[in-house]
Amino acid sequence: MNRSVLITGGNRGIGRAISEAFLKAGDQVAVAHRSDDELPDALNLRCDVTDTAQVDAAFTAAEAAHGPVEVLVSNAGISRSAPLAAMTEDQFSQVLDTNLTGAYRVARRATRGMLRLRRGRMIFISSVMGGAGLQGAGNYAASKAGLVGLARSIAREYAGYGITANLVAPGLVRTDMIEEMPEGMRRHLVDRTFLKRAAEPDEIAATVLWLAADGSRYITGAEIPVDGGLRLGA
Ligand SMILES: NC(=O)c1ccc[n+]([C@@H]2O[C@H](COP(=O)([O-])OP(=O)(O)OC[C@H]3O[C@@H](n4cnc5c(N)ncnc54)[C@H](OP(=O)(O)O)[C@@H]3O)[C@@H](O)[C@H]2O)c1
């Protein structure tokens, strides 16, 4: 493989495992993130997905180094949890702006190269919580549910141009993000997971790599759960 791949939030957690999997497959990987935490062997691009100009600059740099982006993994995400009565508009809109509008910004910019190539794969990292809801995190769940509508609309709009759009919906994954979660909530979610543990990031990356592979060319508009059974609950 020698595809031009761009992964938002590709420097840490799930995104890092996804980036490493594409690098291992021989692809040319650009990772877009805000912090100094860089991923060796990848093209590290400073890019906050809440800023349209930074998104545009990151794609321009990736295109100059690797050619038009053929595989986009929209993974960057945050959580800012609070019960609804205490959730500020800032908390709500920061999460939506990063997780959902950020995905729209990168997907829109990616269409430019993909339409020219007349092929492309867009893969969005949603969450089992998008469908199920998550107590104390309505902003997060709403952002992930919104991704489903976005990805399926893209799948419809661009199928004729050889572009597919799919989602991977993890359950609980061992990253910094779940460190911020109250211990009681984490235990409750592990208890509801059939496999009785959180996933390792590489267990999510394997599905993303598979969705980007040639053999998955007939899959579009799908949301693939990788959640150890959590969505079915107890
Ligand atoms: N962990 C879980 O249990 C779980 C479950 C389901 C879904 N997910 C989803 O999986 C994705 C990755 O989560 P994770 O667990 O790996 O979280 P994480 O360890 O906290 O990593 C988040 C990543 O997103 C990047 N990021 C955050 N805001 C950004 C912004 N405005 N612009 C660019 N990059 C930004 C971060 O990089 P910088 O800080 O360097 O910017 C980092 O690479 C998220 O969409 C999350 O919602 C996670």
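What's counted below: heavy atoms across the whole structure, side chains too, no hydrogens, waters or symmetry copies. Whatever order the structure lists them in is the order used to number ligands and atoms, beginning at 1.
- Under the side-chain hydrogen bond (donor to acceptor under 3.5 Å, both in side chains) criterion, Arg112 pairs with no residue at all, not counting sequence neighbours.
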Show me the short polar-atom pairs for ligand 1: any N or O of it lying under 3.5 Å from a protein N or O, with distances only.
{"from": "ligand 1", "atom 1": "1 (N)", "to": "Val173", "atom 2": "O", "distance (Å)": "3.2"}
{"from": "ligand 1", "atom 1": "1 (N)", "to": "Thr175", "atom 2": "OG1", "distance (Å)": "3.1"}
{"from": "ligand 1", "atom 1": "3 (O)", "to": "Val173", "atom 2": "N", "distance (Å)": "2.8"}
{"from": "ligand 1", "atom 1": "3 (O)", "to": "Val173", "atom 2": "O", "distance (Å)": "3.4"}
{"from": "ligand 1", "atom 1": "8 (N)", "to": "Tyr140", "atom 2": "OH", "distance (Å)": "3.4"}
{"from": "ligand 1", "atom 1": "15 (O)", "to": "Thr175", "atom 2": "OG1", "distance (Å)": "2.5"}
{"from": "ligand 1", "atom 1": "16 (O)", "to": "Ile14", "atom 2": "N", "distance (Å)": "2.8"}
{"from": "ligand 1", "atom 1": "28 (N)", "to": "Arg34", "atom 2": "NH2", "distance (Å)": "3.4"}
{"from": "ligand 1", "atom 1": "31 (N)", "to": "Asp48", "atom 2": "OD1", "distance (Å)": "2.9"}
{"from": "ligand 1", "atom 1": "32 (N)", "to": "Val49", "atom 2": "N", "distance (Å)": "2.9"}
{"from": "ligand 1", "atom 1": "37 (O)", "to": "Asn11", "atom 2": "OD1", "distance (Å)": "3.3"}
{"from": "ligand 1", "atom 1": "39 (O)", "to": "Arg12", "atom 2": "NH2", "distance (Å)": "2.8"}
{"from": "ligand 1", "atom 1": "39 (O)", "to": "Arg34", "atom 2": "NH2", "distance (Å)": "2.9"}
{"from": "ligand 1", "atom 1": "40 (O)", "to": "Asn11", "atom 2": "ND2", "distance (Å)": "2.9"}
{"from": "ligand 1", "atom 1": "40 (O)", "to": "Ser35", "atom 2": "N", "distance (Å)": "3.0"}
{"from": "ligand 1", "atom 1": "40 (O)", "to": "Ser35", "atom 2": "OG", "distance (Å)": "2.5"}
{"from": "ligand 1", "atom 1": "41 (O)", "to": "Arg34", "atom 2": "N", "distance (Å)": "2.8"}
{"from": "ligand 1", "atom 1": "41 (O)", "to": "Arg34", "atom 2": "NE", "distance (Å)": "2.7"}
{"from": "ligand 1", "atom 1": "41 (O)", "to": "Arg34", "atom 2": "NH2", "distance (Å)": "3.4"}
{"from": "ligand 1", "atom 1": "43 (O)", "to": "Gly9", "atom 2": "O", "distance (Å)": "3.1"}
{"from": "ligand 1", "atom 1": "43 (O)", "to": "Asn11", "atom 2": "OD1", "distance (Å)": "2.5"}
{"from": "ligand 1", "atom 1": "45 (O)", "to": "Asn75", "atom 2": "O", "distance (Å)": "2.7"}
{"from": "ligand 1", "atom 1": "45 (O)", "to": "Lys144", "atom 2": "NZ", "distance (Å)": "2.8"}
{"from": "ligand 1", "atom 1": "47 (O)", "to": "Tyr140", "atom 2": "OH", "distance (Å)": "2.6"}
{"from": "ligand 1", "atom 1": "47 (O)", "to": "Lys144", "atom 2": "NZ", "distance (Å)": "3.0"}

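- Of the possible donor and acceptor atoms, one in the side chain of Thr220 sits under 3.5 Å from a partner among the backbone N and O of Ala165.
- Taken together through direct or relayed side-chain contacts under 4.5 Å among Ile, Leu, Val, Met, Phe, Trp and Tyr, Ile219 and Ile204 form part of one hydrophobic cluster.
- Counting all heavy atoms, side chain and backbone alike, Lys144 lies closest to Ile125 at NZ-O, 2.9 Å.
- Of the N and O atoms on the side chains of Asp48 and Thr50, at least one donor lies less than 3.5 Å from an acceptor on the other residue.
- Looking at Arg16 and Pro201, their side chains never come closer than 4.5 Å, going by heavy atoms from C-beta outward.
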